[in-house]
> 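Sharing a structure, written as structure tokens. Questions coming.
Just so it is clear: chains get the letters A, B, ... in the order the sequence lines come, proteins before strands, and each one is counted from 1. Reckoned from all heavy atoms, side chains included, excluding hydrogens, waters and symmetry mates.
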2 protein chains.
Amino acid sequence: MADIAKEAGVSKGAVWATLSKRVSNIGVAAETRKKIISVAERMDYRPDIAARGLTARKSYLVGLLCREAYEFFSLDLIRGLQDVLLEHEYSLVAYLHGDKVEDESRHLRFSLDRQVDGVVVIPALDMDGRTNAEQFAKSQERKVACVQVFNHLLPGIPHVGFDNEAAGRIATEHLLAQGHRRIVHFTHAHYRNSQLPVVFHLDARQRWQGYERAMIQAGLLPRVVTHDPVDCGGPEFIEVAKSAVDRLFEGAEANPTAVVAYNDYEATGLLCGLLERGISVPGEISVTGVDGLFLQSVGLPELTTLAWPVREVGRNAARMVLDQIEGKDVENILLAPNLKTFASSGPVPGA
Amino acid sequence: MADIAKEAGVSKGAVWATLSKRVSNIGVAAETRKKIISVAERMDYRPDIAARGLTARKSYLVGLLCREAYEFFSLDLIRGLQDVLLEHEYSLVAYLHGDKVEDESRHLRFSLDRQVDGVVVIPALDMDGRTNAEQFAKSQERKVACVQVFNHLLPGIPHVGFDNEAAGRIATEHLLAQGHRRIVHFTHAHYRNSQLPVVFHLDARQRWQGYERAMIQAGLLPRVVTHDPVDCGGPEFIEVAKSAVDRLFEGAEANPTAVVAYNDYEATGLLCGLLERGISVPGEISVTGVDGLFLQSVGLPELTTLAWPVREVGRNAARMVLDQIEGKDVENILLAPNLKTFASSGPVPGA
DNA sequence: GGTATAAGAACGCCCCATAGA
DNA sequence: ATCTATGGGGCGTTCTTATAC
């Protein structure tokens, strides 16, 4: 900027008043302004955002602390964040880590060293229920805008997440609308394990509650079938779910015509097991999943699922960060999933 | 830092000499040093990286310009970059975009406005073969360390990528080692279409060449079977490949015992089509893929494939950026894929 | 003369107090 | 009084030069 001033034979104050978008009480004659702009273009001047932040005590950076477990959602989350942040001259500093709180803590420190104006975090959770709650609380005190996404684990930190209860409810209502009455909820054994701290498997509990409410409202008896828990969710679910298919047909209220599975992996394992037993889907039984992962599978009917608006979560989280930076109050947001109807669910048999 | 100086009753020069890791010709008495450190810890002082960069004319940031088409690899790429960058006090500013050169150009500008010290890019390519080559060349002139990964499209910009030729060769050699002799290469019709600019489908051409070389070296006659091209690669490949299965058994040198498919989608489509025709895999025919996507398929034998060391690409790209920043010379790197042997390939029938 | 400490300039931008026409 | 323009101090580091003992 000083170079431009020298080149154009004016003061740097004039250059600043011309090139900065901010209104200032500095007047610049149209002709001077023109000259400055032409010189700036010739030298193709671009402001240094870091230096700008020096006085404003801002970096125009937002840190993203991302857990591996949310791999499927990470890229869409980033896209959503970007949609909003780039428009406001902010950029995203990405830190990916495994699911350990130590990594998250380290990356949070890196972010703070960068003087980020905000942090978006998928909070990490230790096996023993430990989080980095205090560190985030401290960061927030220091005027770093914090937002947690997906998991709601950090008390006092604004949250954008999924409405898991709605997922269970909408899936059930979809099947009810197709005429199904004997609808089973298929989930893992920890869905309401009171041995564990309440923060664990909250999503499973909520999806189940959504299912249960929809069933009760329809005057029907809820029935839950569980399979063995797996250590780390994901593809492992497929095999475990597959081997638990027979449990659907055991017990008093057997012969379900539809299954609301806890997530897409389970649903996929289920589809697989059903087809292997010669049970037609959706001819004899309908299946729905949750998460909208669109697992690439060959030879299975495409899965009806509830897809999370991940990019929208990102957009909301970004807005929340910006609002906090501007000192506005923010409120937690839960986003409902979108029902994606495919071949795995259909009308009740015989209808 | 000035605050610490005031608090400790010393000059900020002394504080700097104590806290900065650099050696300086400023002497600080042991006792003074101790006091300074204790005060710094009490105020838990952290240096402002942006301010540090002001004098050094560095931002300690590296931009990442990421194409959507490489979705499968993006996260591992980021991890690899991080592995190296974080160790050297650099952070990653992520910009995801669709596959348009305009988006890339815009995000490159954003990066430069941030005064990034380097840029890692998965270069975008227009339908008409256009790239942002000039912009990157200009950036490089301005001492921004540029590295292109995966695609090699920007002349003069250092590159880290996949050794596609090795993929074709290793797959073929794997099958040769199992005793196969009638090995076919299955790819799309554009693999050596000279109508198109040479930058398109370079990977297909190279994989084919690897296959061909391995066959010739073994004294065997190469044979290529193609299927119709698809507009945008990915899952579409599966169906198209599936419907082209019969072509494997047409023509003079028919009855292959093994197929080297261009990529995992094709291989998956192939597996599917073969099984539908009652042809056993790998009993009658072996199939290999390339890319290491580990597609979830049900009822299909798990695919033998050549997995790319994506994270290693990231690590190398990061090192290349750092080397360039330090003024060192860098050389292009091609990384060979790792053979992952699964159930879709086995010994030649009758062996 | 050698050593410990202080002072201050520079980086690039923001913006104010001031001053000339 | 109005319009236009200027120079300088500050942000938080780095690091050189000057000063005190």
> In chain order, what residues pass the salt bridge (charged side-chain N to carboxylate O under 4.0 Å, His left out) check against B:Arg315, with sequence neighbours excluded?
B:Asp83, B:Glu312

> Can you tell me the distance, in whole Å, between the CZ atom of B:Arg57 and the C1' atom of C:dC13?
13 Å

> Can you give me the closest heavy-atom contact between A:Asn132 and A:Leu154, atom names plus distance?
C-CD2, 4.3 Å

> Rounded to whole angstroms, how far apart are CD1 on B:Ile49 and C1' on D:dT14?
15 Å

> Taking CD1 from B:Ile36 and P from C:dA4, how many angstroms apart are they, rounded to a whole number?
13 Å

> Hey, do the aromatic rings of B:Tyr90 and A:Phe110 have their centres closer than 6.0 Å?
no

> From C:dC11, D:dG7, C:dC13, pick the nucleotide closest to the side chain of B:Leu54?
C:dC11

> Please give, in whole Å, the distance from D:dG12 C1' to B:Tyr60 OH?
14 Å

> What is the separation between atom CG on B:Asp48 and atom P on D:dC11, rounded to the nearest whole Å?
13 Å

> Given side chains that start at C-beta, do those of B:Arg42 and B:Val39 come closer than 4.5 Å, heavy atoms only?
yes

> What class does the angle between the rings of B:Phe150 and B:Tyr70 fall in, given that below 30° is parallel, 30 to 60° is tilted and above 60° is perpendicular?
parallel

> I want to verify a distance call: between C:dC14, D:dT13, D:dT4, whose nearest atom is closest to the A:Ala29 side chain?
D:dT4

> What's the verdict on side-chain hydrogen bond (donor to acceptor under 3.5 Å, both in side chains) for B:Tyr45 and B:Asp3, showing C-alpha distance, side-chain angles and the deciding distance?
CA-CA 10 Å; B:Tyr45 165 81; B:Asp3 294 348; over 6 Å; no

> Applying a 4.0 Å non-hydrogen cut-off, can you work out what A:Ala14 is touching in the nucleic acid: base, sugar-phosphate, or nothing?
base

> Using rotation axes that map the C1' atoms of four end pairs onto the next four (five pairs an end), what angle separates the end axes of the helix from C:dG2-D:dC21 to C:dA21-D:dT2, to 10°?
80°

> Taking atom P of C:dT5 as reference, at what distance in whole Å does atom CD of B:Glu31 sit?
10 Å

> How close or far is atom P of C:dA7 from atom NZ of B:Lys6, stated in whole angstroms?
12 Å

> Please tell me which of the listed nucleotides, D:dA5, C:dC11, D:dC11, lies nearest to the side chain of A:Thr55?
D:dC11

> Can you confirm whether A:Gln148 sits close enough to A:Ile122 that some side-chain heavy atom of one is under 4.5 Å from a side-chain heavy atom of the other?
no

> Which letter, B, S or -, goes with each nucleotide of nucleotides 15-21 of chain C from 5' to 3', with contact meaning a protein heavy atom under 4.0 Å?
BB-----

> Specify the separation, in whole Å, of atom CZ of B:Arg46 and atom C1' of D:dT13.
15 Å

